Amino acid sequence: MDPSNTTQNQSNETQKKGKVYWRGELITKTFLETCIEEVTANGRLGSSLKPHSWVKVGDILKKTHGFEVDARQMRNRYDYLRNRYVAWCQLKSKTGNHYNPVTNSFNFTEEEWDQLCKRNKYVETLKSTPLCYPELCTHLYDGIAATGVSGWGPSSKGAG
């Protein structure tokens with residue numbers, strides 16, 4: 001796949017306000033790396049980035065890929081990747097030899113997938129598409145997201 005062609009398509013698609021198509025692993029990689037840099041340099045606002053950090057992330061995406069998104073669209077992507085990461089951690093921690101680190105995929109029966117998908121809608125996305133850059137996701141999201149069955153994260157609600 002030609003990354004420059006993908007970038008051009010993405011740039012055209014983002015001109016239509018509304019849904020953004022984050023196709024291309026390089027854009028996701030740049031997004032995650034820039035978010036990590038911003039968290040390291042400026043900290044977080046809750047479990048997300050600070051407003052001026054979103055501006056910087058957007059500038060980097062535009063400069064490196066010609067990919068234009070607003071802060072709301074970046075926060076949505078950030079949350080989506082965090083939720084996929086949480087589901088990935090939960091699948092990876094299941095007992096048994098279900099995780100293949102070479103392919104970054106899981107080997108469950110159809111019945112097991114059905115049960116797992118009922119518990120978490122983000123599990124279904126991992127059935128056919130591996131989590132992109134799990135090491136970057138771990139660096140960015142570990143410690144701010146509940147990743148266990150009875151885990152707790154900063155955004156968790158409930159009796160404390």
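Note: hydrogens, waters and symmetry copies are ignored here, and every other heavy atom, side chains too, is used. Just so we're clear, the structure is a prediction, and the values are computed from it rather than from any experiment.
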ask   = When you check the gap from the basic side-chain N to the acidic O, do Lys127 and Glu112 get nearer than 4.0 Å?
value =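 Salt bridge: no.
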ask   = Going through the distances and angles, do Asp79 and Arg82 end up as a salt bridge (Lys or Arg N to Asp or Glu O under 4.0 Å)?
value = CA-CA 5 Å; Asp79 292 342; Arg82 182 184 62 220; 3.3 Å; yes
Do you know the tightest heavy-atom contact between [X] and [Y]?
X      : Y      : value
Cys132 : Cys137 : O-SG, 3.6 Å
Ile27  : Leu61  : O-CD2, 3.9 Å
Arg84  : Thr129 : NH2-O, 2.7 Å

request  = Drop me the distance from Asp59's CG to Glu68's CD, to the nearest 0.5 angstrom.
outcome  =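 Going from CG on Asp59 over to CD on Glu68, the span is 10.0 Å.
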message = Within this structure, what is the CD-CG distance for the pair Glu135 and Asp142, rounded to the nearest 0.5 Å?
response =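 That separation rounds to 13.0 Å.
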query = Does Trp22 have its ring centroid less than 6.0 Å away from the ring centroid of Phe67?
reply =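 Yes, ring centres under 6.0 Å apart.
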request  = Please confirm whether Tyr85 and Tyr133 have ring centers closer than 6.0 angstrom.
outcome  = no
request  = Verify the neighbour count for atom CD of Glu124: are there more than 12 heavy atoms of other residues, nucleotides or ligands below 6.0 Å?
outcome  = no
ask   = Hey, is CD on Glu111 packed in by over 12 heavy atoms from elsewhere, all under 6.0 Å?
value = no
key: Parallel, tilted or perpendicular: rings of Tyr78 and Tyr141 (30°, 60°)   = perpendicular
request  = Is it possible for you to say whether Tyr80 and Met74 belong to one hydrophobic cluster, with membership spreading through side-chain heavy-atom contacts below 4.5 Å?
outcome  = yes
query = With hydrophobic residues grouped by side-chain heavy-atom distances under 4.5 Å, do Ile60 and Leu32 end up in a single group?
reply = no
message = Ile36: which residues meet the side chain to side chain contact (heavy atoms under 4.5 Å, CB included) condition with it, sequence neighbours left out?
response =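 Only Thr40, Leu136, His139, Leu140 meet the side chain to side chain contact (heavy atoms under 4.5 Å, CB included) criterion with Ile36.
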[X] side chain to [Y] main-chain N or O, any donor-acceptor pair under 3.5 Å?
X      : Y      : value
Ser93  : Gln90  : yes
Lys50  : Asn42  : yes
Asn104 : Leu131 : yes

ask   = Strictly by modelled atom types, are Ser48 and Arg75 linked by a side-chain donor-acceptor pair under 3.5 Å?
value =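 Short answer, no.
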message = Checking Tyr99 against Asn107: is there a side-chain donor and acceptor pair closer than 3.5 Å?
response =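 There is no such pair (donor and acceptor under 3.5 Å, judged by atom type) between the side chains of Asn107 and Tyr99.
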Going by heavy atoms in the side chains, are [X] and [Y] under 4.5 Å from each other?
X      : Y      : result
Trp88  : Tyr122 : no
His65  : Leu26  : yes
Phe31  : Leu81  : yes
Phe108 : Lys94  : yes

inquiry  = So if I apply the side chain to side chain contact (heavy atoms under 4.5 Å, CB included) rule between Val57 and each of Leu49, Thr30, Val69, which one comes out positive?
reply    =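 It is Leu49, the one option of Leu49, Thr30, Val69 that forms the side chain to side chain contact (heavy atoms under 4.5 Å, CB included) with Val57.
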